[in-house]
Amino acid sequence: MPGLAQASAFAWQRDAHCLRIHLIEFEPASFHLAAFARAGIALPAAIERSVPRRQCEYFFGRLAASAALAEIGVENARVDTGSRREPIWPPGIVGSITHNARYAAASVAQAASWRGIGVDIEERIAEEALASVEQIGLSADERQRLHAPGHPPYALAVTLAFSAKESFYKAIFPTVGRFVDFDAIRIDAIDLEPGRIRFTTQETLCPDWPAGRSSAIAFRLLPGGEVMTCFSW
């Protein structure tokens, strides 16, 4: 497959269920549009008109999604894009797709098992960009918490916090039907050894997610220095 470096799948345990993540590493310089036809993945007109990097990221995100769907017995399914750029899954399926310039990942499950899934990959935030990310995504209280002893280096902690919020918001989007602000949840702590980011909701998002509910988001560090977070409920 043009541009494909390697593909893998691994499991994340969540309560009594095991969530599978399909991860693809790709090389944009080796990618070309013939990959869509070869893999049987639909090429939307908007993607065909877009820049090569966007074409590559879209393709490998959909390729990861196809592999995830096939693993649960859903073959040759088309995953379209909604008006808010969210994936449109086959009936009875929930899932999430994410990508950056090097990796793409997807996870799916039967809706009977999960209400929502969110997966996110982020490049580690550069020191010179920290201030702007703090302003957008973190409260003063969160910044203080992430500076506390026992947390990862601050730039990594901020990256993990930002990615965790993205994963959570993706997972609840099918239920709440809207994007929520970054202050809707508060990052309480990052536990390196189990790979967990603890958080508490700061407002009522839906009946299942009232203000004050606490939970955790899983994470792992990728070989290139990127972070990947995952949340399901």
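Index from 1, following the sequence. These numbers come from the heavy atoms of this one structure, side chains and all, not from hydrogens, waters or symmetry mates.
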### Query
Any sub-3.5 Å donor-acceptor pair from S107's side-chain atoms to I21's backbone N or O?
no
### Query
When you measure from the side chain of N100 to the backbone N and O of Y103, does any donor-acceptor pair fall under 3.5 Å?
yes
### Query
Is there a donor-acceptor pair under 3.5 Å between the side chain of T201 and the backbone N or O of P210?
yes
### Message
With a sphere of 6.0 Å drawn around CD of E75, does it hold more than 12 non-hydrogen atoms of other residues, nucleotides or ligands?
### Response
yes
#### Entry: Over all atoms of both residues, closest heavy-atom pair of P28 and A101
CG-O, 3.4 Å
### Query
Hey, quick one: are I93 and I41 part of the same hydrophobic cluster, counting side-chain heavy atoms closer than 4.5 Å, chains of contacts allowed?
no
### Query
Are any non-hydrogen side-chain atoms of L19 and W114 less than 4.5 angstrom apart?
yes
### Message
Test side chain to side chain contact (heavy atoms under 4.5 Å, CB included) on E166 and E122; report intermediate values, then the result.
### Response
CA-CA 10 Å; E166 289 284 351; E122 298 287 343; 4.2 Å; yes
### Query
Looking only at heavy atoms, which two atoms of E86 and R84 are closest? And how far apart?
OE1-N, 3.0 Å
### Query
F36 versus F59: any side-chain heavy-atom pair under 4.5 Å?
yes
### Query
Between S132 and A129, is there a donor-acceptor pair closer than 3.5 Å when you use the side chain of the first and the backbone of the second?
yes
### Message
Can you confirm whether or not the ring centre of F231 sits under 6.0 Å from the ring centre of F199?
### Response
yes
### Message
With clusters defined by side-chain heavy atoms of hydrophobic residues (ILVMFWY) lying less than 4.5 Å apart, directly or transitively, does W209 cluster with I217?
### Response
yes
### Task
Check whether any side-chain heavy atom of Y58 lies under 4.5 Å from a side-chain heavy atom of P44, and answer yes or no.
yes
Run the side-chain donor-acceptor check on residues 144-161: report pairs under 3.5 Å with partners two or more places apart or on a different chain.
| residue | atom | partner | partner atom | Å |
| --- | --- | --- | --- | --- |
| R145 | NE | D141 | OD2 | 2.8 |
| H151 | ND1 | R145 | O | 3.1 |
| H151 | ND1 | A148 | O | 3.3 |
| H151 | NE2 | I190 | N | 3.2 |
| Y154 | OH | E134 | OE2 | 2.5 |
| T159 | OG1 | I125 | N | 2.9 |
| T159 | OG1 | A155 | O | 2.8 |

### Single-linkage hydrophobic cluster I97~I72, side-chain heavy atoms < 4.5 angstrom
yes
### Query
Hey, would you say the F219 and W12 ring centroids sit under 6.0 Å apart?
no
### Query
Looking only at side chains, do T81 and R62 share a donor and an acceptor under 3.5 Å apart?
yes
### Message
What I want to find out is whether R53 reaches E57 closely enough, with some N-O distance under 4.0 Å, to be called a salt bridge.
### Response
yes
### Task
Using modelled atom types only, decide if a donor and an acceptor are shared between the side chain of R115 and the backbone of P174 within a distance under 3.5 Å.
no
### Message
Determine whether a donor-acceptor pair (N or O, by modelled atom type, separation under 3.5 Å) exists between the side chain of T204 and the backbone of A211.
### Response
yes
### Query
Are any non-hydrogen side-chain atoms of R38 and P2 less than 4.5 angstrom apart?
yes
### Query
If you take all heavy atoms of C18 and A11, which pair is closest and at what distance?
SG-CB, 3.2 Å
#### Entry: Gap separating the NE2 atom of H32 from the SG atom of C56, nearest 0.5 angstrom
11.0 Å
### Summary
Between D183 and Q202 the two heavy atoms that sit nearest each other are O-CB, 3.5 Å
### Query
Above 12 or not: heavy atoms from other molecules or residues under 6.0 Å from CZ of R78?
no
### Task
Show your reasoning for whether side chain to side chain contact (heavy atoms under 4.5 Å, CB included) applies to F10 and R220.
CA-CA 11 Å; F10 58 92; R220 68 165 48 193; 3.4 Å; yes
### Message
Between R102 and E25, does any side-chain N to carboxylate O distance fall below 4.0 Å?
### Response
yes
### Query
How far apart are the C-alpha atoms of V108 and W89, what are their side-chain angles, what is the distance that settles it, and do they pass the side chain to side chain contact (heavy atoms under 4.5 Å, CB included) test?
CA-CA 9 Å; V108 301; W89 299 101; 3.4 Å; yes
### Task
For the residue pair Y169 and F182, establish whether any side-chain heavy-atom pair is separated by less than 4.5 Å.
yes
### Message
Side chains of L23 and I121, heavy atoms from C-beta outward: is any pair under 4.5 Å?
### Response
yes
### Task
Taking K165 for its side chain and G137 for its backbone only, find out whether a donor-acceptor pair lies under 3.5 Å.
yes
### Query
Step by step, would you call E71 with R20 a salt bridge (Lys or Arg N to Asp or Glu O under 4.0 Å)?
CA-CA 9 Å; E71 189 175 56; R20 296 277 290 174; 2.9 Å; yes
### Where Q55 and S50 come nearest, the two heavy atoms and their spacing
NE2-O, 3.1 Å
### Query
Do any N or O atoms from the side chain of K170 and from the backbone of D120 form a donor-acceptor pair under 3.5 angstrom?
no
### Test salt bridge (Lys or Arg N to Asp or Glu O under 4.0 Å) applied to R186 and E142, step by step
CA-CA 7 Å; R186 181 191 68 219; E142 288 174 310; over 6 Å; no
#### Entry: Hydrophobic cluster membership, F173 vs V119, 4.5 Å side-chain cutoff
no
### Task
Apply side chain to side chain contact (heavy atoms under 4.5 Å, CB included) to the pair I197 and T229, showing each step before the final yes or no.
CA-CA 9 Å; I197 301 166; T229 58; 4.1 Å; yes
### Task
Taking the six-membered ring for Trp and the full ring for Phe, Tyr or His, determine whether the centres of F60 and F31 are under 6.0 Å apart.
yes
### Query
With hydrophobic residues grouped by side-chain heavy-atom distances under 4.5 Å, do F162 and I185 end up in a single group?
yes
### Query
Could you give the distance from CG (L63) to CD1 (I24), rounded to the nearest 0.5 Å?
4.0 Å
### Task
Decide yes or no for R49 and I47: does some side-chain heavy atom of the first lie under 4.5 Å from some side-chain heavy atom of the second?
no
### Task
Taking all non-hydrogen atoms of both residues into account, name the closest pair between A106 and A68 and its distance.
O-CB, 4.3 Å
